[in-house]
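Here the structure comes first, spelled out in structure tokens, and everything after it is commentary.
In this text, all values refer to a predicted model and were calculated from it rather than measured experimentally. Numbered from 1 within each chain, the chains take letters A, B, ... in sequence-line order.
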Number of protein chains: 2
Amino acid sequence: MSTKSRSAGEPAEGPEPLRRSKEAVKAASLAAAYELLTEFGLSGVSVDEVARRSGVAKTTIYRHWPSRTALLFDAVMQFAPRLQTPNTGSLRGDLTSLALGLAQRLQTGRWSSAMPSIVDAAERDTEVAEFQSRTHAGMMSGFGAIAARAQARGELDQKLDVSELTAAIAGPLFYRRWFSRQELDEAFVRGVVERALVWDCSSHG
Amino acid sequence: MSTKSRSAGEPAEGPEPLRRSKEAVKAASLAAAYELLTEFGLSGVSVDEVARRSGVAKTTIYRHWPSRTALLFDAVMQFAPRLQTPNTGSLRGDLTSLALGLAQRLQTGRWSSAMPSIVDAAERDTEVAEFQSRTHAGMMSGFGAIAARAQARGELDQKLDVSELTAAIAGPLFYRRWFSRQELDEAFVRGVVERALVWDCSSHG
DNA sequence: TATCTAAGCTACGGCACCGTATCGTAGCTA
DNA sequence: TAGCTACGATACGGTGCCGTAGCTTAGATA
């Protein structure tokens, strides 16, 4: 009821400054919003609740963001994950590594729990839809990088449509995670990658 | 302000019976709920709005369903679509037809607009999750039927995992519809099916 | 020490929603 | 005609939310 937080993040116990700096306040608000987002989805992020969790006064939050939506955008932006692009030297190795990383994120990442609510919002709000498209493209850019390298090595057909390759691999993973709700084990992921490789390498030649 | 509706569906203008039968009232409520669901997603279905749209008094709605959630379940159940299983005589023909039908539904079906909100709800409510799994399995049962026939004809490896085949085809379609937000043209759909066939037929032999 | 910036608190008006209570009444059936 | 069933209208209590107002005060800076 009295001891307030210390810096970005949870309400800690240090009796430090009862008043936080502008930056600390913004960070704490965003952290709480992020937390709520992953826990309850977009609709679970209310300004009142962010204020409660962060220990930042609601009025203060409104001094930093003009509306709930603005805060939400900032929070989503902040943690939009980007898959890091592996470089194993072979197309098969790269794709397998990337796919396994993606599967990992899908299963354990807190982001994957917030995703459906964003997709849902995008369904009826064009601004969100554009934002989501952009963010998503960024997240999946690893596929493009990998394909480009493979093409440079002559390992992959020059005129292959990267977006098809991406859909062929990410699609089945996403499908299992959110639609059929089956397990995403390593065998499945490797199978998906092999399927994509069979097509791209042998069937075109 | 005064003239009420006629039967199941929209508030029509005929000054017909101001009081509808028990059945008509239930049908009208469900129809309105369905409409709101496809238009605004799960969270857009409020009892007040259902009452407004259907012309059924809120009190009456509560006489038929104990809670908003119960009404929602009924409404979702009612229209959960089931892809009809084609029978063209060949595996390629069947899968292509099924996939094209699915793509069609994804792009034009009102159901596809409600889906993300259900997935989102399933993310944090196990009851919804189970419901969704079941419904989804039913919707995708066509793949199993097709595969079984192909296996009986010896066109398909007996030990193929149908769920992998389903994921390989439905996955990329869903992915494009909701995640990458790209167009789902016929060429893409056919490509996805070919990819699946290449694997299942040649690579195993 | 004086000043100024920005955080904190309490409270509010407005709205949408859930679920219930109360009363009135249409229309069927005995 | 009497009575029963189920719908309709209004209203309410309670909650959660958005965004704002008014005021206080900590802490950095000049």
Excluding sequence neighbours, so at least two apart, what forms salt bridge (charged side-chain N to carboxylate O under 4.0 Å, His left out) with [X]?
X       : value
R190(A) : E186(A)
R124(B) : D120(B)
R181(B) : E123(A)

### Message
Using the side-chain contact (heavy atoms from CB on, under 4.5 Å) criterion, which residues pair with T60(B)? Sequence neighbours excluded.
### Response
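T60(B): side-chain contact (heavy atoms from CB on, under 4.5 Å) contacts with V25(B), V56(B), A57(B), R63(B), H64(B).
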
### Query
Taking only N and O in the side chain of H64(A), is any of them less than 4.0 Å away from OP1 or OP2 of dA7(C)?
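Result: yes.
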
### Task
May I ask you to verify if any side-chain N or O of R20(B) is less than 4.0 angstrom from the OP1 or OP2 atom of dA6(D)?
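Looking at the OP1 and OP2 atoms of dA6(D), neither is under 4.0 Å from any side-chain N or O of R20(B).
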
Taking [atom1] from [X] and [atom2] from [N], how many angstroms apart are they, rounded to a whole number?
X      : N       : atom1 : atom2 : result
W65(B) : dC18(C) : CH2   : C1'   : 16 Å
L71(B) : dG19(C) : CG    : P     : 10 Å
K22(A) : dA6(C)  : NZ    : P     : 4 Å

## Note on the structure
Per-nucleotide protein contact along nucleotides 10-22 of chain D, 5' to 3', at a 4.0 Å heavy-atom cut-off (B base, S sugar-phosphate only, - neither), is B------SBBBB-

### Query
Pairs in or reaching into residues 177-198 of chain A: which pass ring-ring contact (aromatic ring centres under 6.0 Å, His included), with residues at least two apart or in two chains?
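Passing the test, one end in residues 177-198 of chain A: F174(A)-W178(A), W178(A)-F179(B), F179(A)-F174(B), F179(A)-W178(B).
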
### Message
Assess whether a salt bridge exists between E194(A) and R92(A), defined as any Lys/Arg side-chain N lying under 4.0 Å from an Asp/Glu carboxylate O.
### Response
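Salt bridge flag = yes for R92(A) with E194(A).
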
